[in-house]
Amino acid sequence: MICIAIANQKGGVGKTTTAINLATGLAATGLRVLLLDLDPQGNASTGLGIGQAERVRSSYDLLVGNCALEDTIVTTRVPKLDLVPATQDLSGCEIELIDYEERTHRLARVLAEAPQGRWDICLIDCPPSLGLLTINAMVAAQSLLVPLQCEFFALEGLSQLLQTVERIRGRFNPGLSIMGVALTMYDRRNRLTDQVADDVRACLGDLVFTTVIPRNVRLSEAPSHGVPALIYDFRCSGSEAYMQLARELIARLPRQEVAA
């Protein structure tokens with residue numbers, strides 16, 4: 001199972017929207033996808049129509065409760081897409097993890113015990129911080145996908161994130177790579193948007209995905225209906241962009257792992 005953490009310590013950059021719709025897009029191509037909600041706000045779970053009553057076991061139980069991965073799985077209405085939901089219990093999880101040995105590797109150990117061949121790819125929706133939850137995700141993942149809002153302050157946050165990635169590589173997970181940076185909330189009417197996009201591409205080159213995610217009302221409306229935008233309105237510009245991003249991501253996966 002290929003594991004990709006979707007992370008950016010800055011909030012409001014489209015992280016959860018990317019996680020939901022990218023997972024749906026990957027499932028639409030035939031891949032068996034697991035989406036792990038690691039954000040205490042639980043927005044990815046809500047966006048897939050999973051209410052609080054259905055979150056009997058959650059990602060909190062994986063990290064603190066010694067619960068098996070299979071016991072936390074919730075089947076979504078999207079074919080081939082399973083979810084590990086999140087609850088507000090995660091808010092205090094970082095404090096509780098302080099007392100655990102190997103607290104940075106809790107999630108990695110759980111995912112290593114996942115049933116062989118059940119899922120092709122796992123996406124982890126990280127919280128908007130660089131705390132223990134995000135570190136657990138980076139230690140467990142092979143790759144990192146960074147949604148980046150096309151605004152000036154996002155560039156400052158990106159440099160901090162890249163420094164954290166280097167520390168994770170040096171201390172915990174030397175195999176962690178950056179799969180790509182996805183430009184989100186792209187507004188062609190705003191000149192600053194183009195400037196930020198050009199600066200990011202000049203700095204990171206091919207790491208930046210060709211596909212950009214536009215500002216789109218349908219992307220904002222879909223979570224209130226409990227479905228991904230790809231189901232809510234498949235033909236809107238946001239849905240088309242996420243399908244294209246899913247194809248681009250698949251092209252970047254190691255060939256032998258895709259074949260497996």
For [Y], is there any backbone N or O sitting under 3.5 Å from a side-chain donor or acceptor partner on [X]?
{"X": "Arg247", "Y": "Thr29", "value": "no"}
{"X": "Arg57", "Y": "Ile73", "value": "no"}
{"X": "Ser177", "Y": "Ser143", "value": "no"}
{"X": "Thr184", "Y": "Gly14", "value": "no"}
{"X": "Thr134", "Y": "Ser129", "value": "yes"}
{"X": "Arg32", "Y": "Ala27", "value": "no"}
{"X": "Gln142", "Y": "Leu176", "value": "no"}
{"X": "Asn173", "Y": "Arg169", "value": "no"}
{"X": "Glu94", "Y": "Leu132", "value": "yes"}
{"X": "Asp61", "Y": "Ser58", "value": "yes"}

With sequence neighbours excluded, what pairs up with [X] under the side-chain contact (heavy atoms from CB on, under 4.5 Å) test?
{"X": "Thr193", "result": "Cys150, Tyr186, Asp187, Asn190"}
{"X": "Thr164", "result": "Leu130, Met138, Arg167, Ile168"}
{"X": "Arg106", "result": "Leu63, Asn66, Leu97, Tyr100, Arg109, Asn136"}
{"X": "Leu158", "result": "Val146, Leu148, Leu162, Leu204"}

Is the shortest heavy-atom distance from the side chain of [X] to the side chain of [Y] under 4.5 Å?
{"X": "Ile4", "Y": "Cys122", "value": "no"}
{"X": "Thr72", "Y": "Val56", "value": "no"}
{"X": "Leu69", "Y": "Glu113", "value": "no"}

After noting the C-alpha distance and the side-chain angles of Arg215 and Ser237, does the key distance pass the side chain to side chain donor-acceptor pair (under 3.5 Å) rule?
-> CA-CA 9 Å; Arg215 284 192 178 274; Ser237 60; over 6 Å; no

Kindly state each residue pair satisfying salt bridge (charged side-chain N to carboxylate O under 4.0 Å, His left out) with at least one member in [range], sequence neighbours excluded.
{"range": "residues 225-240", "value": "Arg218-Asp233"}
{"range": "residues 44-54", "value": "none"}
{"range": "residues 80-92", "value": "Asp82-Arg118"}

Taking atom [atom1] of [X] and atom [atom2] of [Y], what is their separation to the nearest 0.5 Å?
{"X": "Ile6", "Y": "Leu36", "atom1": "CD1", "atom2": "CG", "value": "11.0 Å"}
{"X": "Asp39", "Y": "Leu90", "atom1": "CG", "atom2": "CG", "value": "8.0 Å"}
{"X": "Ile213", "Y": "Leu183", "atom1": "CD1", "atom2": "CG", "value": "9.0 Å"}
{"X": "Leu38", "Y": "Cys126", "atom1": "CG", "atom2": "SG", "value": "6.0 Å"}
{"X": "Ile98", "Y": "Cys93", "atom1": "CD1", "atom2": "SG", "value": "10.5 Å"}
{"X": "Ser59", "Y": "Ile124", "atom1": "OG", "atom2": "CD1", "value": "10.0 Å"}

Listing request: all ring-ring contact (aromatic ring centres under 6.0 Å, His included) pairs with a residue in [range], at least two apart in sequence or in separate chains.
{"range": "residues 221-246", "answer": "His225-Tyr232"}
{"range": "residues 39-98", "answer": "none"}
{"range": "residues 188-207", "answer": "none"}

Does [X] [atom1] have over 12 foreign heavy atoms under 6.0 Å away?
{"X": "Asp198", "atom1": "CG", "value": "yes"}
{"X": "Glu166", "atom1": "CD", "value": "yes"}
{"X": "Gln163", "atom1": "CD", "value": "yes"}

[X] and [Y]: same hydrophobic cluster, using ILVMFWY side-chain contacts below 4.5 Å?
{"X": "Val217", "Y": "Met243", "result": "no"}
{"X": "Leu133", "Y": "Val13", "result": "no"}
{"X": "Met185", "Y": "Leu22", "result": "no"}

Kindly give the heavy-atom pair with the smallest separation between [X] and [Y], and that separation in Å.
{"X": "Gly47", "Y": "Ile20", "value": "CA-CD1, 3.8 Å"}
{"X": "Ser91", "Y": "Pro40", "value": "OG-CB, 3.5 Å"}
{"X": "Pro214", "Y": "Leu219", "value": "O-CD1, 3.9 Å"}
{"X": "Leu230", "Y": "Ser239", "value": "CD2-O, 3.2 Å"}
{"X": "Leu48", "Y": "Arg77", "value": "O-NE, 4.4 Å"}
{"X": "Ala114", "Y": "Met1", "value": "CB-CE, 4.0 Å"}

For Leu26, the option from Leu31, Leu81, Asp120, Leu35 that meets side-chain contact (heavy atoms from CB on, under 4.5 Å) =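 Exactly one pass, corresponding to Leu31.
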
Result of checking Val84, Leu83, Asp37 against Asp125 for side-chain contact (heavy atoms from CB on, under 4.5 Å) =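 Per the side-chain contact (heavy atoms from CB on, under 4.5 Å) rule, the option paired with Asp125 is Asp37, out of Val84, Leu83, Asp37.
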
Results of ring-ring contact (aromatic ring centres under 6.0 Å, His included) for Phe209 - residues two or more places apart only =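 Residues passing ring-ring contact (aromatic ring centres under 6.0 Å, His included) with Phe209: none at all.
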
Would you please name every residue forming a ring-ring contact (aromatic ring centres under 6.0 Å, His included) with Phe172, sequence neighbours left out?
-> His105

Just one of Gln52, Arg55, Gln41 clears the side-chain hydrogen bond (donor to acceptor under 3.5 Å, both in side chains) bar with Thr46, so which one?
-> Arg55

Passes side chain to side chain contact (heavy atoms under 4.5 Å, CB included), Leu145 versus Thr18? Steps please.
-> CA-CA 10 Å; Leu145 189 151; Thr18 296; 4.2 Å; yes

